[in-house]
Colleague: 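There's a structure below that I have some questions on.
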Amino acid sequence: MKGTVFIEGIAVNGLSEAERTTVRQKKISFVFQAFRLFHSLSAIDNVALGFELVMQPLPVRMEMARELLVRFGLGDKLNQRAQRTQSPVRSSGSAIARALAGNPPILLADEPTASLDAHAGRNICQILRNQVDDDGRTVVVVTTTRDGGNSADRTITLCDGQIGRGENL
């Protein structure tokens, strides 16, 4: 396949490697399937790490991190350390909050509901949906579940390397 990728009107295909890196740092953020939280850090410290590139003083980064965690219903968990055995809901909320640090216009999420029960998965999908509706963000979610695209504006199905309509699953 060939084509041109535009991010906010900029054709990134023609940019140098350094310019593409800058675009990735400022315009795109990731929510990883395994969340990639630092287990030695508290929730607020994990989220504050996402603000490192914003170049704000530490107290400002901590306040922005606190605001994001409160927004996702984790205000009572600010100082709890991330643990391998902690609730997947808390982990996914913290991971999404960290990804939103710096206010990126594009959020890429890899199986953000994979380790959640149906109710918690719907809550996370609603948080992601709100990023589109309330904040004007572009959110791309990759999932292997059949109902994973229920809250999406557009669903693209890949089956055996081919773009399909969903009936191939």
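Quick note: numbers below take in every heavy atom, side chains included, and nothing from hydrogens, waters or symmetry partners.
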Colleague: May I ask you to test the N13-R20 pair for a side-chain heavy-atom distance under 4.5 Å?
Modeller: no
Colleague: Determine the minimum heavy-atom distance between F30 and A99, stating which atoms define it.
Modeller: O-CB, 3.3 Å
Colleague: Are side-chain heavy atoms of I28 and I7 found at a separation under 4.5 Å?
Modeller: yes
Colleague: Charged N to carboxylate O below 4.0 Å: is that the case for D153 and R129?
Modeller: yes
Colleague: Would you check if E67 and R71 make a side-chain contact, meaning some heavy-atom pair closer than 4.5 Å?
Modeller: no
Colleague: What is the distance from atom OG1 of T144 to atom CG of D110, rounded to the nearest 0.5 Å?
Modeller: 9.5 Å
Colleague: Heavy atoms, side chains only, cut-off 4.5 Å: are L107 and S29 in contact?
Modeller: yes
Colleague: Are L128 and V70 joined in one hydrophobic group, where the rule is that I, L, V, M, F, W and Y side chains link up if heavy atoms are under 4.5 Å apart?
Modeller: no
Colleague: Taking C-beta and beyond as the side chain, do Q126 and N123 meet within less than 4.5 Å on heavy atoms?
Modeller: no
Colleague: Under 4.5 Å between side-chain heavy atoms, counting indirect links through other Ile/Leu/Val/Met/Phe/Trp/Tyr residues: same cluster for F6 and V139 or not?
Modeller: no
Colleague: Closest heavy-atom contact between I44 and R66?
Modeller: CD1-CB, 3.8 Å
Colleague: Would a hydrophobic clustering, with Ile, Leu, Val, Met, Phe, Trp and Tyr connected at side-chain separations under 4.5 Å, put I156 with V142?
Modeller: no
Colleague: Apply side-chain contact (heavy atoms from CB on, under 4.5 Å) to M64 and V60, showing your working.
Modeller: CA-CA 6 Å; M64 293 187 310; V60 174; 4.2 Å; yes
Colleague: Please give me the minimum heavy-atom distance between M62 and D45, naming the atom from each residue.
Modeller: CE-OD1, 3.2 Å
Colleague: Quick one: CG on L108 to CZ on R24, what's the gap to the nearest 0.5 Å?
Modeller: 11.5 Å
Colleague: First locate atom CG of N103, then atom CZ of R137, and finally report the distance between them rounded to the nearest 0.5 Å.
Modeller: 5.0 Å
Colleague: Can K27 and E19 be counted as an ion pair, charged N to O under 4.0 angstrom?
Modeller: no
